[in-house]
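Worksheet: the structure to be examined is printed underneath.
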Amino acid sequence: MGGENVVIGDHSHDHEHDHHHEHGHDHEHAHGGKTVSLNRSLLEKNDRLAERNRGFFKAKRLLVLNVVSSPGSGKTTFIRETAKKLGKKLRVGVIVGDLATDNDAAELRKAKIPVVQITTGTVCHLDAEMVSKAAAQLDLDKLDVLVIENVGNLVCPADYDLGEDLRVVLLSTTEGEDKPLKYPPMFHSANVVIVAKNDLAAAAGFNRQQALANLKRISHHAEIFELSSKTGEGMEAWLDFLAKQREERSNG
């Protein structure tokens, strides 16, 4: 296992919808007194499939992470280093979502991490059905943790539950401290926020206190970890948190 590719593609969905707007809000248009709400049925279908995924993953005693960020935030490096370091204690598999290339999946395979690639074409997020199909190509009985690397986007994935236990949102120090204010739905939905590329904070002029203040305002319920995947700074606390989360779910 590990060399598979699930091509979702441009028109392989059984529905059509515009991916240039934020999902989840009811786009209502009145016609002769009648209101038509768009996207609601799509999200309801996805939510049902996500709950099915969640029950299936729970039966497999898996801890499932949905990792989301903007492009270039260091998401793949973060996942690779998490999997490698966590691999000493727990077995990790990855589902990678990308619009076109399999570069991220190839990088993870080099590190001997079981991975399945989902190529989404023009679709700017993963959904529960895509994840279900991809997960079927991994030997989940040989995994303790399943990491889903979502498509690099802080808008489209916000409303799509994949059946994960934890939604992990990355904020890179090179992106600026105002990112949570620009993308509040995503950061508000986070169970965990990773302040990544900590080793570049000084060079980037990153205002740590302002960033944390913004996160506490938008992501007040989320666990926050400040770390550098490159240097390893802060990784131990993150890994200990994951091990504890997996143990709690396994015992539950």
Side-chain angles (χ1 to χ4, degrees), residues 8 18-25 65-83 94-108 117-127 130-131 147-162 164 166-208 210-230 234-235 238:
I8 302 302
D18 183 1
H19 293 280
H20 298 293
H21 59 251
E22 183 178 325
H23 294 281
H25 298 284
L65 312 180
N66 178 12
V67 182
V68 186
S69 76
S70 56
S73 65
K75 186 164 69 262
T76 302
T77 301
F78 165 70
I79 291 173
R80 184 192 68 213
E81 293 306 308
T82 295
V94 181
I95 294 172
V96 174
D98 209 335
L99 294 176
T101 72
D102 66 349
N103 295 345
D104 292 347
E107 184 177 335
L108 294 168
Q117 168 82 34
I118 300 176
T119 303
T120 64
T122 60
V123 182
C124 58
H125 62 85
L126 297 181
D127 64 28
M130 297 179 199
V131 169
V147 181
I148 303 165
E149 179 178 352
N150 217 314
V151 179
N153 193 300
L154 285 176
V155 178
C156 298
D159 293 313
Y160 281 82
D161 183 3
L162 305 180
E164 72 268 20
L166 298 172
R167 178 172 290 187
V168 181
V169 181
L170 266 66
L171 167 64
S172 168
T173 60
T174 58
E175 295 178 288
E177 52 280 333
D178 62 345
K179 211 79 171 185
L181 304 182
K182 291 181 176 180
Y183 301 93
M186 178 60 78
F187 281 92
H188 182 70
S189 73
N191 303 109
V192 177
V193 173
I194 302 294
V195 181
K197 298 187 180 181
N198 228 25
D199 55 310
L200 300 178
F206 183 70
N207 186 329
R208 176 179 178 271
Q210 186 60 55
L212 292 178
N214 291 341
L215 286 172
K216 287 175 182 176
R217 175 180 167 187
I218 305 297
S219 313
H220 47 82
H221 53 283
E223 296 275 353
I224 299 174
F225 295 90
E226 301 173 75
L227 55 81
S228 167
S229 304
K230 184 177 180 180
M235 287 292 289
W238 162 241

Pairs where residues 180-207 contributes a residue and the test salt bridge (Lys or Arg N to Asp or Glu O under 4.0 Å) is met, not counting sequence neighbours: Asp178-Lys182
Side-chain heavy-atom pair Val67, Ile79 within 4.5 angstrom cut-off: yes
Worked verdict on Thr119 versus Leu99 for side chain to side chain contact (heavy atoms under 4.5 Å, CB included): CA-CA 6 Å; Thr119 303; Leu99 294 176; over 6 Å; no
Side-chain donor or acceptor of Asp98 paired with backbone N/O of Gln117 under 3.5 Å: no
Beyond-backbone contact of Pro180 with Leu171, side-chain heavy atoms, under 4.5 angstrom: yes
Asn103-Glu107 side chain donor-acceptor pair, cut-off 3.5 Å: no
Any side-chain heavy-atom pair of Val151 and Thr120 under 4.5 Å: yes
Audit row: Thr76, Glu149, side chain to side chain donor-acceptor pair (under 3.5 Å) steps and yes/no: CA-CA 8 Å; Thr76 302; Glu149 179 178 352; 2.7 Å; yes
Name of the residue among Asn66, Leu65, Ile95 meeting side chain to side chain contact (heavy atoms under 4.5 Å, CB included) with Leu162: Asn66
Stepwise salt bridge (charged side-chain N to carboxylate O under 4.0 Å, His left out) test for Glu177 and Arg208: CA-CA 7 Å; Glu177 52 280 333; Arg208 176 179 178 271; over 6 Å; no
Verdict with supporting geometry, Leu215 and Ile224, side chain to side chain contact (heavy atoms under 4.5 Å, CB included): CA-CA 9 Å; Leu215 286 172; Ile224 299 174; 3.9 Å; yes
Partner set under ring-ring contact (aromatic ring centres under 6.0 Å, His included) for Phe78, not counting sequence neighbours: Trp238
Val195 vs Phe206 side-chain heavy atoms within contact, under 4.5 Å: yes
The single option from Leu154, Ile194, Val192 passing side chain to side chain contact (heavy atoms under 4.5 Å, CB included) against Val169: Leu154
Over all atoms of both residues, closest heavy-atom pair of Thr77 and Ser229: CG2-CB, 3.9 Å
Thr82 vs Val147, side chain to side chain contact (heavy atoms under 4.5 Å, CB included): CA-CA, chis, key distance, verdict: CA-CA 10 Å; Thr82 295; Val147 181; 5.7 Å; no
Minimum-distance pair of heavy atoms, taken over all atoms of Val123 and Met130: CG1-CE, 3.9 Å
Criterion side chain to side chain contact (heavy atoms under 4.5 Å, CB included) on Asp102 and Asp104, from CA distance to verdict: CA-CA 6 Å; Asp102 66 349; Asp104 292 347; over 6 Å; no
Val168 and Asn191, any side-chain heavy atoms less than 4.5 Å apart: no
Over all atoms of both residues, closest heavy-atom pair of Ser219 and His188: OG-N, 4.2 Å
Taking every non-hydrogen atom, the tightest pair across Asn150 and Leu126: OD1-N, 3.1 Å
Backbone of Ser172 reached by a side-chain donor or acceptor of Glu175 within 3.5 Å: yes
Separation of Leu181 CG from Asn214 CG (nearest 0.5 Å): 4.0 Å
Side chain to side chain, Arg167 and Met186, heavy atoms closer than 4.5 Å: yes
Taking every non-hydrogen atom, the tightest pair across Ala196 and Ser73: CB-O, 4.2 Å
